[in-house]
*Asks:* 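Mind having a look at this structure? Questions to follow.
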There are 2 protein chains.
Amino acid sequence: MPMDSRLEELAFEAAHDHSACVREALSAAAAICEERGVRLTPVRRRVLELVWSSHQAVKAYDLMAQMQGEMAQAAKPPTVYRALDFLMEQGLVHRVDSLNAYVGCPTPGRTHREQLLICTECGAVGEMEDPAVAHALGEAASRAGFSVQRQTVELQGICGACQSV
Amino acid sequence: MPMDSRLEELAFEAAHDHSACVREALSAAAAICEERGVRLTPVRRRVLELVWSSHQAVKAYDLMAQMQGEMAQAAKPPTVYRALDFLMEQGLVHRVDSLNAYVGCPTPGRTHREQLLICTECGAVGEMEDPAVAHALGEAASRAGFSVQRQTVELQGICGACQSV
DNA sequence: AAGTCGAACGTTATATTGTTACACTGCACG
DNA sequence: CGTGCAGTGTAACAATATAACGTTCGACTT
């Protein structure tokens with residue numbers, strides 16, 4: 001089994017080697033930043049690592065709390081928000097609007113119009129990019145005379161793993 | 001022309017008799033609450049009226065500011081949030097997650113899975129309920145083994161009126 | 001008529017989330 | 001060497017939302 005790219009299917013798999021997810025996300029991020037000539041600084045890298053500490057969406061202030069003590073000084077809000085802004089610009093992290101929280105992108109490196117799946121039971125956040133959804137949204141919007149720039153699609157429900165409990 | 005139900009098409013129409021929108025929204029709300037045996041109290045009615053003061057999404061604290069002086073005492077956060085919670089439960093108002101703001105529902109009275117259209121130019125928020133979108137989302141989610149309970153679909157872009165400027 | 005109950009609202013305080021403004025540092029580049 | 005700029009540190013604050021508890025008032029019971 002190759003090491004890459006089942007990342008997007010793992011969010012709802014109860015037991016998996018999550019440390020591999022983190023390693024893969026960090027190394028993909030490093031490669032992407034390298035290629036783009038932007039800097040994955042220690043602060044940014046640490047925030048990304050903490051966002052990836054689980055498949056659940058993470059709150060900005062929880063990141064701050066976890067970074068207390070490990071930086072020279074305590075991490076203040078701007079530090080964390082700036083890192084998150086950078087990571088979102090690079091497509092490495094998504095903001096989950098319905099939760100005011102942040103989740104690592106399992107398929108960074110290409111821009112996409114993802115749809116998020118949020119399990120209300122276990123809190124895990126998965127991601128899909130369904131062409132039929134994209135197409136239907138585009139069609140419907142254009143019938144309404146509306147030109148779409150960005151989209152927020154978040155489905156709340158129960159993931160497969162939680163259904164079979 | 002009947003008085004009812006073009007409400008959902010008016011959000012992006014530059015010039016229309018908006019006072020008619022407000023009247024219609026309020027009378028529909030009164031009828032719905034009557035029928036359901038729930039109370040559209042003065043506070044709730046006033047909040048709904050203010051939410052409908054335009055087709056743009058309204059911030060909770062702006063509602064409070066507008067209600068200063070007109071209530072016996074100043075409107076405090078719980079007053080406004082409770083009214084908004086009630087109006088959302090009754091499907092009279094939607095929360096726009098990507099804006100932390102609230103907008104009147106143009107087609108209350110039936111529950112639905114709406115998709116919001118948010119114009120980044122004029123700020124107007126329209127709403128559609130496209131069966132193909134609903135179907136595509138349902139299909140894609142169920143292929144992912146995910147059982148959907150609620151959905152947040154918000155498209156940011158430019159409305160027809162703003163495109164033709 | 002008096003008692004009781006619950007929904008709605010008022011009040012105070014606080015929690016949570018995010019931004020502004022400005023200072024400092026260190027490295028890339030001339 | 002300067003000089004500029006990206007990144008970070010710091011302090012203050014703004015914006016959004018909730019918790020906890022008290023008060024009012026009308027419907028219903030007795």
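We name chains A, B, ... by the order of the sequence lines, and we start the count at 1 in each one.
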*Asks:* Which nucleotide, C:dC9, C:dG18, D:dA17, lies nearest any side-chain atom of B:R95?
*Replies:*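 For the B:R95 side chain, the nearest candidate turns out to be D:dA17.
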*Asks:* Nearest to the side chain of B:T79, which nucleotide is it out of C:dG18, D:dT16, C:dG10?
*Replies:*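 Selected nucleotide (nearest to the side chain): C:dG10.
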*Asks:* Measure CG/A:L99 against P/D:dA17 and give the value in whole Å, please.
*Replies:*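 Answer to the nearest Å: 14 Å.
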*Asks:* Is a donor on one side and an acceptor on the other found under 3.5 Å between the side chain of A:Q56 and the backbone of A:C122?
*Replies:*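 Looks like yes, one N/O pair under 3.5 Å.
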*Asks:* Side chain of B:R39: nearest nucleotide among D:dA11, D:dT8, C:dA8?
*Replies:*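 The closest nucleotide is C:dA8.
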*Asks:* Quick one: is B:K59 getting a side-chain N or O under 4.0 Å of the D:dT16 phosphate, OP1 or OP2?
*Replies:*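 Yes, such a contact exists.
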*Asks:* Any salt bridge between B:R110 and B:E129, counting N to O under 4.0 Å?
*Replies:*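 Looking at B:E129 together with B:R110, the answer is yes, because their closest N to O distance falls below 4.0 Å.
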*Asks:* By nearest atom, which of the nucleotides D:dT10, D:dA17, C:dT17 is closest to the B:Y61 side chain?
*Replies:*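 Per side-chain heavy atoms of B:Y61, the pick is D:dA17.
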*Asks:* Please determine if B:R45 and B:E49 form a salt bridge, counting it only when a charged side-chain N lies under 4.0 Å from a carboxylate O.
*Replies:*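 Salt bridge: no.
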*Asks:* Do the ring planes of A:Y81 and A:Y102 sit parallel (below 30°), tilted (30 to 60°) or perpendicular (above 60°)?
*Replies:*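 Ring orientation, 0 to 90° scale: perpendicular.
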*Asks:* Given D:dT18, C:dC9, D:dA17, which nucleotide is nearest the side-chain atoms of B:Y102?
*Replies:*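 Per side-chain heavy atoms of B:Y102, the pick is D:dA17.
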*Asks:* In whole Å, what is the span from the CD atom of B:Q90 to the P atom of C:dA7?
*Replies:*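 Distance, rounded to whole Å: 14 Å.
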*Asks:* Compare the minimum distances between each of D:dT10, D:dT18, D:dT8 and the side chain of B:P78, then state the nucleotide with the smallest one.
*Replies:*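 Out of D:dT10, D:dT18, D:dT8, the nucleotide with an atom closest to B:P78's side chain is D:dT18.
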*Asks:* Please report, rounded to the nearest Å, how far the C1' atom of D:dA15 is from the CG atom of B:D97.
*Replies:*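 In whole Å, D:dA15 C1' and B:D97 CG are 16 Å from each other.
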*Asks:* Quick one: does A:E154's side chain have a donor or acceptor within less than 3.5 Å of a partner on A:D97's backbone?
*Replies:*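 Yes, A:E154 side chain to A:D97 backbone: donor-acceptor pair under 3.5 Å.
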*Asks:* Please state how far atom CE in B:M64 lies from atom C1' in D:dA14, giving the value in whole angstrom units.
*Replies:*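 Spelled out: CE on B:M64 to C1' on D:dA14 is 14 Å.
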*Asks:* Is the shortest side-chain N/O distance from A:R82 to OP1 or OP2 of D:dT8 below 4.0 Å?
*Replies:*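 For A:R82, the contact criterion (side-chain N or O under 4.0 Å from OP1 or OP2 of D:dT8) is not met.
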*Asks:* Rounded to the nearest angstrom, tell me the gap between atom CG in B:L87 and atom C1' in C:dA8.
*Replies:*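 In whole Å, C:dA8 C1' lies 13 Å from B:L87 CG.
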*Asks:* Whole angstrom is fine here: how far is it from OH in A:Y81 over to C1' in D:dA11?
*Replies:*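 Value for this atom pair: 17 Å.
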*Asks:* Using the side-chain heavy atoms of B:N100, tell me which of these nucleotides is nearest: D:dA17, C:dG10, D:dT8.
*Replies:*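 Ranking D:dA17, C:dG10, D:dT8 by closest atom to the B:N100 side chain puts D:dA17 first.
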*Asks:* Provide, to the nearest angstrom, the distance between the CG atom belonging to B:D85 and the P atom belonging to C:dC9.
*Replies:*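 It works out to 12 Å between those atoms.
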*Asks:* In whole angstrom, what separates B:R46's CZ from C:dC9's C1'?
*Replies:*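 To the nearest whole Å, that distance equals 17 Å.
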*Asks:* Could you work out which one of D:dA19, D:dA11, C:dA8 sits closest to the side chain of B:T41?
*Replies:*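 The answer is C:dA8, which lies nearest to the side chain.
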